[in-house]
Amino acid sequence: MPNEPRGAAASAGGTVPRSNGSCSKGDLVFSSHVVPSPPGRGVARVAVAFLVSALAATGVLTGAGSAAAQDEAEGQGGATATIGGLKTYGTAIVDGENGRQEVSAGLFEMSVEGGGMLQTYCVDIQNPTQKDAKYFETPWSGTSLGSNKDAGRVRWILQHGYPQVNDLAELAKKAGVRSGLTEQDAAAGTQVAIWRYSDHADVEAVDPEAEQLADYLEKSARDSTEPAASLTLDPPAVSGHPGERLGPVTVRTNADGATAAPPVDAATNGVRIVDEKGEPVTEVTDGTQIFFDVPEDAAAGSTELTVQASTTVPVGRALASESRSQTQILAGSSESTVAAKATATWAAEGPVPALSAQKNCAEGGLDITTANKGDEPFAFELLDTEYTIAPGETRTVTVPLPEDRSYDFTIRGPAGFEQRFTGVLDCRTKADTLADATHTLTEPAPTASVASPAPEDTNLADTGSSGATPLIGGAAIGLVVIGGAVLLFLRRRNER
């Protein structure tokens with residue numbers, strides 16, 4: 001970004017159109033349709049098709065229907081929170097291919113499930129936020145920050161901007177702002193500096209004091225490392241045979257202590273949570289290794305463990321939504337409830353799989369890790385590719401997925417084993433996605449099969465409406481097929 005002052009935004013000639021693209025309710029709707037085959041012994045065959053259905057009206061993409069009930073999206077552990085909206089903010093001007101747009105710039109607040117509050121800034125300036133969207137604490141690798149060489153500078157800005165430095169006189173002195181800073185100036189200036197690295201956007205604060213702070217933070221920013229999660233369990237899935245202690249599962253947390261809740265079905269299957277010596281465990285700390293103690297006479301099955309703690313979420317942690325709501329990055333945290341889950345699967349014979357998933361934005365897909373502790377191979381077919389995991393083997397395969405579209409598929413195995421994976425791959429900023437969409441329009445379109453309309457129980461985001469900005473009009477042209485749904489089959493991927 002250029003280093004010259006950017007405070008000329010307010011004095012630029014002409015009227016600057018107001019955009020709700022950065023911090024408002026949005027309306028992009030994509031859904032997925034699942035076509036699973038019946039399960040067989042040790043084999044799970046899954047066909048996944050992605051539907052894109054939308055209407056174009058006056059150049060604006062319009063939303064559809066409410067979300068159908070489905071399993072909670074895959075999370076890596078930590079805080080789960082609902083976005084409440086902008087609380088402290090100013091105004092900024094974004095210069096882009098569609099001209100100059102005015103946006104709100106500042107701090108969001110989120111309410112944490114179980115108690116607590118988070119303060120966050122926007123990442124991905126051109127993507128709207130969805131009202132009351134649920135967010136999950138997420139590694140950078142599962143967001144656009146994962147492939148952004150300047151993500152560490154964003155964290156530095158968070159650590160040295162507002163509200164981490166909440167002494168406004170001190171912050172103004174560091175930035176050389178002689179007239180002082182208001183909270184609105186401080187929030188807007190910090191947000192603008194973040195956008196210059198998170199999106200590499202040409203953006204400037206309208207208020208001169210906020211702009212001066214943004215320039216200071218941008219020029220001073222240094223690379224910083226990604227913060228660790230507030231709470232995770234590693235690995236999140238284990239398997240084995242009855243009569244064994246399945247694990248270990250290692251607790252990773254910045255909390256002083258955490259509680260390990262026994263499985264809700266413990267009275268039925270007799271599974272206990274124990275340490276390496278076989279002693280029951282209810283209280284854990286960072287580094288504690290815990291096990292699922294499965295009775296020898298237990299029928300084939302599975303169970304789930306929850307670990308919960310109260311702590312502050314580290315500054316710089318990403319928060320992502322499964323409703324395509326704009327990615328956020330943590331600026332401040334009260335004492336908050338955080339949680340993580342781990343599953344255990346067991347069977348006396350045959351394949352005994354343990355599956356977990358994590359988004360991999362570097363590869364543009366979902367990493368599915370499968371461990372087979374059984375005595376027979378575990379095979380499953382996914383997106384037209386068959387994978388076989390040998391007894392005793394652990395392997396990770398990357399399932400390629402399209403950007404900004406919901407995925408929903410289930411892997412099934414013997415003895416009723418079933419694991420569902422749902423979510424949205426949001427790995428790129430909207431500006432990058434739109435640039436690619438514009439480029440693609442000049443190339444031959446791939447052949448597409450026409451699908452039936454999405455069924456009523458399809459996972460549709462509740463999206464509402466928004467204003468007809470030049471940005472969204474461009475998105476509609478680049479992304480919408482008018483008058484129906486298009487079935488896009490993912491390309492075959494070689495076994496990794």
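When each of Glu102, Gln126, Glu204 is checked for a side-chain contact (heavy atoms from CB on, under 4.5 Å) with Val94, only Gln126 meets the rule.
Between the side chains of Thr396 and Thr369, at least one donor-acceptor pair of N or O atoms lies under 3.5 Å. A donor atom on one side chain and an acceptor atom on the other are found under 3.5 Å apart for Tyr135 and Ser325. A donor atom on one side chain and an acceptor atom on the other are found under 3.5 Å apart for Thr182 and Asp185. Asp265 and Thr303 form a side-chain donor-acceptor contact under 3.5 Å, judged by distance and modelled atom types alone. Of the N and O atoms on the side chains of Glu137 and Ser230, at least one donor lies less than 3.5 Å from an acceptor on the other residue. Judged by distance alone, the side chains of Thr429 and Asp124 never bring a donor and an acceptor atom under 3.5 Å apart.
No side-chain donor-acceptor contact under 3.5 Å links Gln308 to the backbone of Ala260. The backbone N or O of Leu355 lies less than 3.5 Å from a partner atom in the side chain of Gln419, making a donor-acceptor pair. Between the Glu403 side chain and the Arg428 main chain, a donor and an acceptor come within less than 3.5 Å of each other. A donor-acceptor pair under 3.5 Å is absent between the side-chain atoms of Thr410 and the main chain of Arg420, judged by distance alone. No donor-acceptor distance shorter than 3.5 angstrom exists from the side chain of Trp346 to the backbone of Leu246, with no hydrogens or angles considered. In this structure a side-chain-to-backbone donor-acceptor pair under 3.5 Å is present from Ser321 to Ser323. Put simply, the side chain of Asn254 never gets that close to the backbone of Ala229: no donor and acceptor are under 3.5 Å apart. In this structure, Arg155 contributes its side chain and Thr225 its backbone to a donor-acceptor pair below 3.5 Å. Of the possible donor and acceptor atoms, none in the side chain of Ser220 sits under 3.5 Å from a partner among the backbone N and O of Leu217. At distances below 3.5 Å, not a single donor-acceptor pair connects side-chain atoms of Gln184 with backbone N or O atoms of Gly90.
Between Glu393 and Arg395 there is a salt bridge, since a side-chain N of the basic residue sits under 4.0 Å from a carboxylate O of the acidic one. In summary, Arg405 and Glu322 do not engage in a salt bridge, as defined by a charged side-chain N under 4.0 Å from a carboxylate O. Using a 4.0 Å cut-off between charged side-chain N and carboxylate O, Arg317 and Glu226 make a salt bridge. Ion pairing between a basic and an acidic side chain is recognised when a charged N comes within 4.0 Å of a carboxylate O; Glu218 and Arg153 show no such pairing. Using a cutoff of 4.0 Å between basic side-chain nitrogens and carboxylate oxygens, Lys87 and Glu109 are not scored as salt-bridged. A salt bridge does not link Asp293 to Arg245: none of the charged side-chain nitrogens sits closer than 4.0 Å to a carboxylate oxygen. Electrostatic pairing of Asp215 and Arg196 counts as a salt bridge here, judged by a charged N lying under 4.0 Å from a carboxylate O.
Between Tyr407 and Phe409, the ring planes are tilted. Angles from 30° to 60° get that label.
For CD of Gln289, the number of neighbouring non-hydrogen atoms (other residues, nucleotides, ligands) closer than 6.0 Å is greater than 12. In this structure, Asp256 places its CG atom where only 12 or fewer heavy-atom neighbours from other residues, nucleotides or ligands lie under 6.0 Å away.
Separating the OH atom in Tyr162 from the CG atom in Leu171 is a distance of 10.0 Å, to the nearest 0.5 Å. One finds the CZ atom of Arg252 at 10.5 Å from the CG atom of Leu233 (value rounded to the nearest 0.5 Å). One distance of note links CD of Glu113 with OG1 of Thr82; it measures 6.0 Å at 0.5 Å rounding. To the nearest 0.5 Å, atoms CG (Leu107) and CD (Gln328) are separated by 10.0 Å. For the atom pair CD1 (Ile125) and CH2 (Trp195), the distance works out to 4.0 Å, reported to the nearest 0.5 Å. To the nearest 0.5 Å, atom OG1 of residue Thr138 and atom NZ of residue Lys359 are 6.5 Å apart.
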Evaluate side-chain hydrogen bond (donor to acceptor under 3.5 Å, both in side chains) for Ser179 paired with Glu209, printing each intermediate quantity in order. CA-CA 8 Å; Ser179 56; Glu209 287 75 23; 2.8 Å; yes
Verdict with supporting geometry, Lys373 and Glu244, salt bridge (Lys or Arg N to Asp or Glu O under 4.0 Å): CA-CA 11 Å; Lys373 297 296 184 179; Glu244 298 177 347; over 6 Å; no
Stepwise, does the salt bridge (Lys or Arg N to Asp or Glu O under 4.0 Å) test hold for Asp404 with Arg324? CA-CA 7 Å; Asp404 279 340; Arg324 292 172 300 279; over 6 Å; no
Please walk me through it: do Thr288 and Thr250 pass side chain to side chain contact (heavy atoms under 4.5 Å, CB included)? CA-CA 6 Å; Thr288 299; Thr250 303; over 6 Å; no
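Closest approach of Ala221 and Ile157 over heavy atoms only: CB-CG1, 4.0 Å. When every heavy atom of Ile290 is checked against every heavy atom of Val307, the shortest pair comes out as CD1-CG2, 4.4 Å. What you find for Ala175 and Leu213 is that their closest heavy atoms are CB-CD1, 3.9 Å. Between Val238 and Gly247 the shortest heavy-atom distance is CG1-CA, 4.0 Å. Between Ser147 and Cys427 the shortest heavy-atom distance is OG-O, 4.4 Å. The two atoms that bring Ser356 and Pro236 nearest to each other are CB-CG, 3.4 Å, heavy atoms only.
A heavy-atom distance below 4.5 Å is not found between the side chains of Val399 and Phe421. Side-chain atoms of Ile368 and Thr370, non-hydrogen and from C-beta on, do get closer than 4.5 Å to each other. Between Leu158 and Tyr121, the closest side-chain pair of non-hydrogen atoms falls below 4.5 Å.
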